[in-house]
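Below is one structure, written out as structure tokens; comments come after it.
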Amino acid sequence: MNLFDSLGLRHDGRTLWVLDQTQLPDAEVWLDGSMPDAMVALIKRLAVRGAPLIGVAAAASLATFAQRGASASEYAAACAALRGARPTAVNLMWAMDRMKVAADPMGEARAIFEEDVRLCEGMAKHGAALIQEGEGLLTHCNTGGLATAGIGTALGVIRRAHEQGKRIHVYADETRPLLQGGRLTTWELKKLGIPSTLITDSMAALLLRDGRVQRVLVGSDRVAANGDFANKVGTYGLAVQARYHGVPFHPVAPFSTVDLACPNGAAIPIEERDPAEVRGYGSLRWAPEDMPAWNPSFDVTPVDLVTSLVLDRGVFNAEVLQSGVLMKVCG
Ligand code: MRU
């Protein structure tokens with residue numbers, strides 16, 4: 001019996017398997033993520049990634065650990081280690097806070113998984129209604145089935161619009177430095193048969209200037225109470241470019257990504273990763289080995305650059321967000 005089954009996560013009743021996202025698109029390799037220490041390592045090296053999926057996968061790993069007889073103190077220590085595996089995506093903390101007090105860890109992990117599937121459906125319903133026939137859509141990083149337990153956040157919205165028969169064309173940012181757009185979003189778009197084109201991040205402004213993009217849709221790793229939000233580095237630049245060219249810009253996120261304890265974007269912790277990720281990729285290096293490099297993994301987009309936030313529970317424009325609506329809707 002499968003306890004979990006999604007594009008990037010499976011549980012066959014005994015073992016939790018995760019699709020190694022670092023090997024896509026060329027190889028589909030499934031790794032054992034049953035033990036929390038293995039899962040921490042998988043999350044840190046982005047074999048498992050995407051804000052909602054990190055939370056779901058960490059919960060599933062912890063539940064498997066409990067199933068295999070972890071003591072209460074081992075369980076608590078594993079929960080704390082998983083919670084600290086990545087600092088920006090708040091879904092991880094949200095899921096671990098639920099698991100910490102769960103009487104039935106496997107039941108709770110399955111509830112978190114199933115809830116994420118439903119949240120994706122909610123975002124898709126609200127977001128797809130915004131998309132008009134014939135639109136060019138620009139997206140960043142990977143926000144699809146690989147990043148969630150369901151159909152995705154921004155990419156889920158795009159998928160639903162395509163399934164509704166709307167004629168759309170997707171431009172996927174390659175997403176420097178770890179290429180989640182170039183490797184993962186392209187893989188998903190091809191599987192889904194959605195008309196699409198890959199671009200490097202530096203080509204986005206030109207596309208917007210030429211009128212080939214009518215809407216920008218991105219995911220989020222943490223939304224602050226005032227609507228500022230963190231997402232994959234490069235998102236802020238896209239928001240500035242979209243505003244300059246008068247193109248609507250929408251973050252798409254489930255309520256589990258909203259952190260009401262962060263009053264604004266300045267309070268969101270931003271992960272800094274190994275500078276080597278900027279100097280090269282895999283075994284290829286293009287910069288001198290000792291070249292200093294800066295590698296913030298996320299940036300913060302201020303709410304005034306947001307046209308509207310698509311949540312599972314509705315669509316909220318910048319003015320409404322600034323009036324504190326998230327406190328009411330997500331509190
Ligand atoms: O570093 P990653 O690949 O985990 O970053 C992922 C993103 O930035 C996504 O846009 C975000 O998690 C939200 S989409 C589900």
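Below, each value reflects all heavy atoms present in this structure, side chains not excepted, and no hydrogens, waters or symmetry copies. For ligands, and for the atoms within them, numbers begin at 1 and follow the listed sequence. In this chain, residues are counted from 1 in sequence order.
In this structure, a donor-acceptor pair under 3.5 Å is present between the side chains of Asn295 and Glu277. In this structure, a donor-acceptor pair under 3.5 Å is absent between the side chains of His245 and Arg209. No hydrogens or angles considered: nothing links the side chains of Asn142 and Arg183 as a donor-acceptor pair under 3.5 Å. Side-chain polar atoms of Asn231 and Ser220 form no donor-acceptor pair below 3.5 angstrom. Of the N and O atoms on the side chains of Arg222 and Thr257, not one donor lies less than 3.5 Å from an acceptor on the other residue. Side chains of Trp17 and Asp32: no donor on one and acceptor on the other come within 3.5 Å.
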For ligand 1, which of its N or O atoms have a protein N or O partner closer than 3.5 Å, and how long is each gap?
unit_1: ligand 1; atom_1: 1 (O); unit_2: Arg86; atom_2: NH1; d: 3.2
unit_1: ligand 1; atom_1: 1 (O); unit_2: Arg86; atom_2: NH2; d: 2.9
unit_1: ligand 1; atom_1: 1 (O); unit_2: Lys232; atom_2: NZ; d: 2.7
unit_1: ligand 1; atom_1: 3 (O); unit_2: Arg49; atom_2: NE; d: 2.5
unit_1: ligand 1; atom_1: 3 (O); unit_2: Arg49; atom_2: NH2; d: 3.4
unit_1: ligand 1; atom_1: 3 (O); unit_2: Gln180; atom_2: NE2; d: 2.9
unit_1: ligand 1; atom_1: 4 (O); unit_2: Gly50; atom_2: N; d: 3.0
unit_1: ligand 1; atom_1: 4 (O); unit_2: Arg86; atom_2: NH1; d: 2.8
unit_1: ligand 1; atom_1: 8 (O); unit_2: Asp221; atom_2: OD1; d: 3.0
unit_1: ligand 1; atom_1: 8 (O); unit_2: Asn231; atom_2: OD1; d: 3.1
unit_1: ligand 1; atom_1: 8 (O); unit_2: Lys232; atom_2: N; d: 3.3
unit_1: ligand 1; atom_1: 10 (O); unit_2: Asn231; atom_2: OD1; d: 2.6
unit_1: ligand 1; atom_1: 12 (O); unit_2: Ala51; atom_2: N; d: 2.8
unit_1: ligand 1; atom_1: 12 (O); unit_2: Asp221; atom_2: OD1; d: 3.1
unit_1: ligand 1; atom_1: 12 (O); unit_2: Asp221; atom_2: OD2; d: 3.3

